Structure formats: C-alpha cells, structure tokens
Protein chains: 2
Amino acid sequence: MASAASPTRPAESATSLETIQRELTAFARRARATAARMHPELSLVAYTILAHLEEQQGCRATDLAAHYLLDKSTVSRQVAALERDGFLERRTDPTDHRVQVLHLAPRGVRSLAAARVRRQETFKERLAAWDPADLARFADYLVRYNADAAAHP
Amino acid sequence: MASAASPTRPAESATSLETIQRELTAFARRARATAARMHPELSLVAYTILAHLEEQQGCRATDLAAHYLLDKSTVSRQVAALERDGFLERRTDPTDHRVQVLHLAPRGVRSLAAARVRRQETFKERLAAWDPADLARFADYLVRYNADAAAHP
DNA sequence: TGATATCGTTGCACTCTACAACCCTCCTGG
DNA sequence: CCAGGAGGGTTGTAGAGTGCAACGATATCA
C-alpha cells in the first residue's frame, strides 16, 4: 500500500470505489477521538468553527450551519459555549439587528494557534515519508471529493 | 479544483498538509449524516461493525474495539442493539467461556447487502466524472494515510 | 490455590445532533 | 402605513454515541 499509482484497468474502478468508501469511513470514525487527543481544549466542531472564523475574518452562525451542513440550533449552542468560554465574541450587525457577526476573541486566537501547531506536528510526523508531489495530489483529490460530495448529496 | 496534479514546489507542502487536514475533517463531520441518508436502517457504526463481521467471518467485541479505537463499553452496547434487532448473533466460544464470537445473522446479511448497494450507487454517482486512474490513486492515498495514522497515534 | 489478566456488562455523565416551536427584526406589497 | 412573510437566532425536547469506572465471570500462571 506504499506506492502511489496503481495499474488502472477499467475492471478496477469498482475496487477503487470500495476502497475509497472503506478508508474514508474508517477515517471518519477516528476523527473525533484524534481531535480530542491533539487538542483537548477544543472539540472537533469547536476547532472547525474557530478556524472558519479566522479564515473568513468573522461570519454569521447561519453561514457556519450552511457550510458545515449543521442545524442552526447546533451551531447556536456551539457558539454559545465558545462565547461563554471566551473563545469568540458576537457583534450585532449595526445595519441589521437580526444578525450577529462572530469574531475570534483573544483566547480563541491563542487556542487556535496552539491547536494548529499540535495538528501540524501530528500531521507532519504522520506524513513525513510522503513525497511532496503525492501530498499535493492527495490534497487535490480530497478537495475534489468533498466538492463532488456537496454537489451530490 | 478539478485537475488532479498540482505543481509541487517544496514550499507547498505545508499548504498541502493544511488542506488535507481541513478536507478530512470536513468529510468526517458529514459522514454520519451521509450514512444516515444512504441507509437509515444502519448507523455508520452499525454498518461498520456488520461489514467487519462479514469481512472477518466473525470476530470478538474486543477486536472491534481495538480495530476502531472505541471503548469496549461502546462496542458492547452497539453489539447488544444489533443483536436485539436481529442483525447479528453471539456464539460463546466453547474453548473460552469469556469470549463471544459475533456472526452476521440473516437480517444482518440482507441489510448489509442493501446498504452496500445504496453506498455503491451514491459513490458511483458522486465519482462518475473521475478518471479511473485518479480513483485508483486516491484509493491508494487513503489506504496509505490511514495506515500512517494508525502507526502514529 | 491464590493472584493476576482478559472479556464483557452496566451505571453514570457528557457531548453532539436534529426537529419543532418560538421570538425578534427586516422587508415588501397592498 | 402596516400586515404578513421571510430570515436569523434561541430554547425545549429527545435520542444517539461515547468514555470512564466499577463490577462479575472466566481463564491462566506461579
């Protein structure tokens, strides 16, 4: 399972599909526990929300829900907990008082940075033996797969 | 994000790592809901357990826990529910009365087959536009990644 | 035979999640 | 102008999934 490219006779497509299914679900099962080990302070969802906030320079709870296919009530509770613990802050949009724009609070910035370092270390160690070209291709495949998954729900 | 391979200057490895992290966690968040949509009768964990049982021709609950990094109590409850609903059966090992070997029951075989068909259809549609060579490479990468993840916990 | 290890179950607590009902604010058509 | 609908967000409720700790039963070994 080490080498990158395999022969690709048409008959093998079905096998690839099975493998992709099995390996993706295997990963999914472990993701939560892995996240908990890497950064106990931030759950997988919390980390995701904070990272999104940093990347987007702030956004609304509804955006988070839409982007991550979560119910708005779920996001609401997550955000409430993150605000209570000082990871983020809400700023009511002055032009539309229905809207609360979420921004990272100082503690959120710090925790996110620390968590990112831990994640980087783990992934770096984990993927140390990979050729950079393979890493890049793998990343591309994942992006493409998630895009396809979003398009075919 | 459509084309497969990207340029791979060394400086891009860090970006690839970030992308891989982000896309894998994005997938993980959606996996449970996706499974529920594809086969409402079997949760993601239930499907996984039954598939493992089929593949291994029966195994112990402890094996499942070790393989999927779950607490034995979690597996115990999952197995109890699956037995209650007729998806699997337990057979006490005659040579070691502590051990219960789990096997698929007829209903488990049927449900697993149906779920597999639904999953195949979904994935086939989802990945229809992919070149078989890309599929094969993607599958290889996933296998390799999960192996590395298991080796560096 | 007694100490130790293994397999599994159960009590407990917690997180994550969706759905439904609700409130508040905004917008638009009569 | 204002009534009704739409959008953003919260809360009540319920259920799945999970881990930890304590326990009982069985097996193994000194």
Side-chain angles (χ1 to χ4, degrees), chain A residues 25 28-37 39-50 53 58-85 87-103 153, chain B residues 25-26 28-37 39-50 58-85 87-103 153:
Chain A
T25 49
R29 275 188 308 267
R30 303 180 189 187
R32 218 172 288 271
T34 304
R37 246 178 296 123
H39 38 71
E41 196 181 39
L42 293 178
S43 75
L44 182 62
V45 191
Y47 176 84
T48 301
I49 289 179
L50 295 185
L53 252 47
C59 72
R60 304 175 303 166
T62 298
D63 299 334
L64 290 170
H67 195 263
Y68 296 121
L69 302 184
L70 294 169
D71 192 81
K72 56 184 179 174
S73 66
T74 300
V75 174
S76 173
R77 276 180 250 267
Q78 293 285 344
V79 166
L82 287 170
E83 186 200 24
R84 170 174 46 72
D85 296 340
F87 290 105
L88 59 78
E89 56 187 37
R90 324 155 109 114
R91 304 181 192 156
T92 302
D93 184 335
T95 75
D96 184 342
H97 284 211
R98 293 173 301 183
V99 177
Q100 297 174 350
V101 183
L102 310 172
H103 291 270
Chain B
T25 48
R29 274 188 309 268
R30 302 179 190 184
R32 219 172 287 271
T34 304
R37 245 177 296 122
H39 38 72
E41 195 180 40
L42 292 178
S43 75
L44 181 62
V45 192
Y47 175 84
T48 301
I49 289 179
L50 295 185
C59 72
R60 303 173 305 166
T62 298
D63 299 335
L64 290 169
H67 196 263
Y68 296 122
L69 303 184
L70 294 169
D71 192 80
K72 56 185 178 173
S73 65
T74 300
V75 173
S76 173
R77 276 180 252 269
Q78 293 285 343
V79 165
L82 287 171
E83 187 200 23
R84 171 175 46 72
D85 296 341
F87 291 104
L88 59 78
E89 57 187 37
R90 324 155 110 113
R91 304 181 193 156
T92 302
D93 184 336
T95 75
D96 185 342
H97 285 212
R98 293 173 303 183
V99 177
Q100 298 174 352
V101 183
L102 310 172
H103 290 270

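Model, not experiment: these values are computed from the prediction. A, B, ... follow the sequence lines: proteins, then strands. Residue 1 opens every chain.
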(request) Could I get the full list of side-chain contact (heavy atoms from CB on, under 4.5 Å) partners for B/Thr62, not counting sequence neighbours? (result) none
(message) Is there a side-chain contact between A/Thr74 and the phosphate of C/dT17, meaning an N or O under 4.0 Å from OP1 or OP2?
(response) no
(request) Can you sort out the partners of B/Arg98 under side-chain contact (heavy atoms from CB on, under 4.5 Å), two or more places apart, ordered by chain and number? (result) B/Asp96
(request) Looking at every strand, decide which applies to B/Leu64 at a 4.0 Å heavy-atom threshold: base, sugar-phosphate, or nothing. (result) nothing
(message) If the cut-off is 4.0 Å, is A/Ser43 near the phosphate of C/dT15, judged by side-chain N/O to OP1 or OP2?
(response) no
(message) Heavy atoms only, 4.0 Å cut-off, all strands: where does A/Thr62 land among base, sugar-phosphate and nothing?
(response) sugar-phosphate
(message) When you measure from the side-chain N and O atoms of B/Gln78 to the phosphate of D/dT18, is any distance below 4.0 Å, counting only OP1 and OP2?
(response) yes
(request) Go along nucleotides 21-30 of chain D 5' to 3' and tag each nucleotide: B for a protein heavy atom under 4.0 Å from its base, S when only backbone or sugar atoms are that close, - otherwise. (result) -----BS---
(request) Output all residues satisfying side-chain contact (heavy atoms from CB on, under 4.5 Å) with B/Arg77, sequence neighbours left out; order by chain, then residue number. (result) B/Ser73
(message) Rounded to the nearest 0.5 Å, what separates atom CG in A/Leu64 from atom CG in A/Leu102?
(response) 6.5 Å
(request) Please name all residues satisfying side chain to side chain donor-acceptor pair (under 3.5 Å) with B/Glu83, sequence neighbours left out, ordered by chain then number. (result) B/Arg90
(message) Tell me every residue that passes ring pair (Phe, Tyr, Trp, His ring centres under 6.0 Å) with B/His39, counting only those two or more places apart in sequence or in another chain.
(response) B/Tyr47
